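All of these numbers come straight from a predicted model, not from anything done at the bench. We use all heavy atoms of the structure for the numbers below, so side chains are in, but hydrogens, waters and symmetry mates are not. Residue numbers begin at 1 in each chain, while the letters A, B, ... track the order of the sequences.
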Amino acid sequence: MRVELKNITKRFGPVIANKGVNLTIEPGEVLGLLGENGAGKSTLMNVLCGLYDPTEGEIFIDDKPVVFDGPGDAIRAGIGMVHQHFMLVPVFSVAENVVLGVEPTGALDHLDLATARAEVERLSEDYGLAVDPDAIIETLPVGVQQRVEIIKVLFRSADVLILDEPTAVLTPQEVDEFFQIVRSLCEAGKAIVFITHKLNEILEISDRISVIRRGEIVGSGDPKELTRPELAEMMVGHPVDFDVARAPYAPREVILDVADLTVLRDHGAVAIDNLSLKVRSGEIVGIAGVQGNGQSALIEALAGLRRVASGRVTFDGTDITHISPRARHRMGIAHVPEDRQRAGLIGNFTVAENMVLDTYYGPPFAKGASIDWGRVHADAARVAEEYDVRTPSVFAAAAHLSGGNQQKLVVARELSRDTRFVIAGQPTRGLDVGSIAFIHAQLMAARDEGDGLLIVSSELDEIMAVSDRILVMFKGRIVAEYAPHIAPLDKGEIGLVMAGAAA
Amino acid sequence: MNAMDKATQWRLLGRTQVEDLVIVPLFAFVAALFLGALVMAATGVDLAVIGQSYVALVKGSVGSLNAVSETLTAAAPLVLAGLGLALGFRAGLFNIGAEGQVVMGGLAAVVAGVALGDFPAIVALPGALLAGALTGAFYAGIAGWLRAVTGAHEVISTIMLNLISYRLLDYLLRTPLIQKEGRADPISKSVPDAAELPRLLTFIDANLRVHAGIFLTLAMVAVAYWLLFRSKLGFEFRAAGENAVAARFAGMNASLTIILAMAIAGALAGLAGANQTLGVLDRATPGFSAGIGFDAIAVALMGRSHPVGVLLAGLLFGALEAGGRQMQVDAGVSIDLIAIIQSLIIVFIAAPLLVKALFPWGFRREGSG
């Protein structure tokens with residue numbers, strides 16, 4: 001099945017999300033769609049899978065024009081989408097999830113699960129998906145859950161599969177397995193649209209690449225002829241410097257000493273299990289690991305937001321195990337939260353208000369019980385400039401900034417004051433390459449000025465790019481340590497350890 | 001997104017706020033008046049009488065000096081209690097307890113006023129007002145404390161505290177310290193002159209009831225504005241209300257914020273009660289709160305939890321109340337209709353999409369899709 005988008009334009013009121021997009025999707029081919037967040041990738045695909053009507057332009061399937069009135073039509077036409085966030089019922093089995101919404105029924109509306117199970121088994125076999133139809137979703141690893149989503153789409157006889165940022169949740173090994181699956185789907189004649197902002201992956205898996213920027217296709221090409229810098233430049237519109245400049249590794253005294261730390265989750269399960277680590281001034285320690293292995297609890301415990309069940313946290317010789325978040329701030333501990341929308345920013349507050357969210361209470365911003373807003377606005381404007389936070393003014397609501405600028409705002413707030421230790425969770429999640437490079441440079445500058453940094457990220461590439469030492473976390477413990485200044489890093493090996501090989 | 005798109009976006013945002021703060025309440029009021037007319041028509045009221053009643057509404061609220069005086073008198077406690085509720089809303093607390101705080105604050109003001117009756121007004125009046133504010137703060141603080149320490153939701157606890165306050169008032173009004181000498185029914189001693197909020201226009205007409213409470217009210221609007229938008233505490237309130245997680249991550253103390261926001265809300269509601277007992281009634285009687293604490297919820301919502309908005313909404317509701325009495329007199333329409341109109345305003349304000357559907361003019365067209 002060949003799908004063609006001709007001259008697609010999509011407007012939301014005055015905002016143009018897609019402008020004159022032409023795209024051809026061929027059977028047996030992987031089309032890589034590369035673009036920054038907010039470039040219009042998702043809008044375009046939502047047009048293709050029937051969620052949005054295009055304002056202008058047409059969709060052709062095998063040279064016949066089609067109009068989709070809702071996602072049902074697109075699915076019937078053979079176009080299926082695997083969303084970034086899975087839409088599965090955790091307590092249902094694989095087969096039950098697969099048939100949800102299109103249940104085969106027998107007499108008296110009896111649910112015919114046997115047929116469904118057989119079909120799931122067949123699909124699983126045909127495409128090498130290795131999924132047990134009777135497994136309960138919540139017991140499955142994320143990578144397998146993703147395959148269940150793919151089976152769902154195949155079960156609805158899709159010939160075109162749209163995969164929206166499919167690798168965001170996977171470990172490096174799972175990515176490799178996933179690519180195998182994508183290739184076997186292609187060999188079976190399916191057409192794949194692979195949406196991503198990761199350059200390495202798109203170069204590895206695609207047969208053709210189209211780059212989208214500000215809603216328009218700005219370039220297309222053959223991955224064999226394109227290089228990373230070329231693609232990055234097309235994606236952001238200007239050349240990008242990938243190398244993080246750094247001074248030689250020269251760690252000083254231990255600034256943070258975590259000894260035998262045990263932390264519980266909200267419902268009492270162990271999140272951090274007797275963990276010990278040290279961070280020195282002037283070094284970046286990266287915590288690698290698949291999400292959900294206790295990294296969030298570690299960050300929260302170190303920031304004073306989660307109670308420590310046992311163990312000790314020492315900062316520069318002072319026991320800080322049980323002191324408040326504000327006391328830690330005052331000691332020079334900065335915290336870039338994992339989730340900027342939920343915990344890092346207040347969307348309806350202005351850029352200036354967000355800039356002083358944790359410094360408003362003292363000099364120079366507070367005078368007695370009042371806040372000196374003139375001072376706040378002047379300072380916020382200066383810091384926003386310095387940290388390249390692109391905003392119409394400091395009076396704009398933070399919610400209206402792009403993700404990259406929101407994150408730069410959080411980083412600016414945390415790093416612009418006197419810091420000695422920085423905790424950063426997923427500091428560049430979901431950001432474009434330009435913002436990533438900028439934030440990495442800021443973190444590196446803090447290190448070179450003598451701060452200790454603890455960076456947690458589920459992106460192994462990021463951890464490998466910035467860290468002086470890498471600790472791998474698995475089930476609440478540190479299971480391995482790597483240091484590039486001692487031995488070169490082996491991404492495959494670290495990936496295996498992340499998946500539990502050393503535990 | 002390029003610079004021009006950004007500029008467009010910002011202008012539209014400003015437009016959205018205007019719609020939210022001015023156009024929606026305005027149309028909500030118009031729609032409520034219209035539906036109110038339909039309700040009257042449905043109950044068999046003549047078209048002429050309906051017209052007459054709305055004329056009376058205007059006449060009774062702003063048509064004469066006395067009407068304005070009545071409007072201001074009715075508006076003052078609504079604004080005071082509404083300010084408190086607005087502060088709570090901003091901090092993410094849905095405080096239903098203003099009524100109970102009005103009761104406790106009003107009663108405490110009478111008790112303090114009686115006790116301070118021999119002092120000059122410069123001591124007695126502030127003392128009585130302070131007693132009202134502190135008692136309201138304490139009473140609301142109970143709910144805040146329960147929320148902060150035990151997680152008990154403030155909606156439930158403040159509703160219960162309202163019920164307790166009514167019965168507590170009935171009981172206390174019969175205790176010897178408070179009950180008027182020689183009376184068997186529950187009624188408090190009269191507030192001595194020194195502790196009264198003086199009437200302002202008795203030199204023109206002895207019946208003009210507007211009293212110094214309106215200055216107190218205006219001062220409190222300014223204080224609430226400063227507190228909310230200029231002070232550290234208000235910053236914490238707003239942060240907690242907008243995103244409690246981010247506030248906690250920024251090192252703000254969530255429990256303290258909740259307790260203080262409730263206490264300040266209670267202080268303002270307590271002042272509303274004191275305003276009634278010291279300025280209008282000169283005593284406390286069962287049910288003297290007359291639902292001010294509930295009407296104030298509507299005032300705070302209509303005022304979009306902004307001190308100036310609350311002032312304007314309070315004046316409107318005060319005008320409706322004063323005008324409603326005139327409606328009853330002139331056109332014989334039940335004062336309950338005013339309650340219906342007030343309720344309809346709130347329904348419409350709570351459903352901005354409905355207002356936009358009814359009055360498409362004046363709103364920016366939604367983007368398609």
Side-chain angles (χ1 to χ4, degrees), chain A residues 10-17 38 43 46-47 51-55 214 300 303-305 324-330 335 337 339-349 353-354 356-362 365-373 390-393 395-397 400 402 413, chain B residues 1-17 20 89-92 151 222-223 225-257 260 264 304-306 363-369:
Chain A
K10 176 66 189 168
R11 284 196 203 92
F12 295 102
V15 180
I16 299 172
T43 307
N46 284 333
V47 168
L51 280 167
Y52 295 152
D53 288 333
T55 313
R214 287 183 190 158
E300 287 177 16
L305 295 158
S324 73
R326 180 159 295 172
R328 292 175 205 232
H329 277 284
R330 285 196 169 127
H335 172 206
D339 185 339
R340 58 178 167 270
Q341 309 264 2
R342 194 180 69 91
L345 291 169
I346 297 182
N348 287 337
F349 271 22
E353 285 175 320
N354 274 295
V356 296
L357 207 56
D358 53 14
T359 48
Y360 67 94
Y361 57 87
F365 302 123
K367 284 195 177 138
S370 303
I371 294 177
D372 179 353
W373 285 109
R390 294 187 200 155
T391 172
S393 81
F395 304 102
H400 291 268
S402 70
R413 177 180 74 218
Chain B
M1 192 176 279
N2 63 35
M4 216 186 77
D5 287 347
K6 274 245 167 78
T8 322
Q9 193 187 344
W10 291 121
R11 207 170 54 233
L12 294 174
L13 176 81
R15 180 68 209 245
T16 310
Q17 282 172 334
D20 189 48
F89 292 162
R90 288 275 183 167
V223 167
Y225 184 89
W226 173 83
L227 183 72
L228 208 44
F229 298 114
R230 295 280 177 266
S231 78
K232 292 198 281 191
L233 195 59
F235 189 65
E236 286 163 7
F237 286 0
R238 290 186 294 123
E242 289 280 358
N243 183 343
V245 176
R248 198 169 76 88
F249 270 57
M252 298 178 191
N253 184 335
S255 303
L256 195 63
T257 303
L260 283 176
I264 293 174
R304 286 289 188 243
S305 300
H306 190 290
F363 292 103
R364 177 171 58 83
R365 245 188 85 243
E366 299 284 314
S368 57

Find the distance between [atom1] ([X]) and [atom2] ([Y]) and round it off to the nearest 0.5 Å.
| X | Y | atom1 | atom2 | value |
| --- | --- | --- | --- | --- |
| F235(B) | I346(A) | CZ | CD1 | 6.5 Å |
| S370(A) | L233(B) | OG | CG | 11.0 Å |
| R230(B) | W373(A) | CZ | CH2 | 8.5 Å |
| H329(A) | F249(B) | NE2 | CZ | 10.0 Å |

message: Using side-chain hydrogen bond (donor to acceptor under 3.5 Å, both in side chains), reason through E236(B) and Y361(A) one step at a time and then give a plain yes or no.
response: CA-CA 10 Å; E236(B) 286 163 7; Y361(A) 57 87; over 6 Å; no
task: Evaluate the criterion side chain to side chain contact (heavy atoms under 4.5 Å, CB included) for residue pair M252(B) and L357(A); output intermediate values, then yes/no.
output: CA-CA 9 Å; M252(B) 298 178 191; L357(A) 207 56; 4.1 Å; yes
- line: Assert top hit (heavy-atom pairs under 4.5 Å, partner chain B, pool P325(A), G368(A), A343(A)) equals A343(A)
Less than 4.5 Å to any heavy atom of chain B: does that hold for the side chain of [X], its backbone, both, or neither?
| X | value |
| --- | --- |
| F349(A) | side chain |
| A369(A) | both |
| E300(A) | side chain |

task: Could you tell me whether a side-chain N or O of R248(B) sits under 3.5 Å from a main-chain N or O of L305(A), the two making a donor and an acceptor?
output: yes
message: Quick one, F229(B) with I371(A), criterion side chain to side chain contact (heavy atoms under 4.5 Å, CB included). Give me CA distance, side-chain angles, the key distance, then yes/no.
response: CA-CA 9 Å; F229(B) 298 114; I371(A) 294 177; over 6 Å; no
task: Quick one: list whatever passes salt bridge (charged side-chain N to carboxylate O under 4.0 Å, His left out) with R413(A), sequence neighbours left out.
output: D358(A)
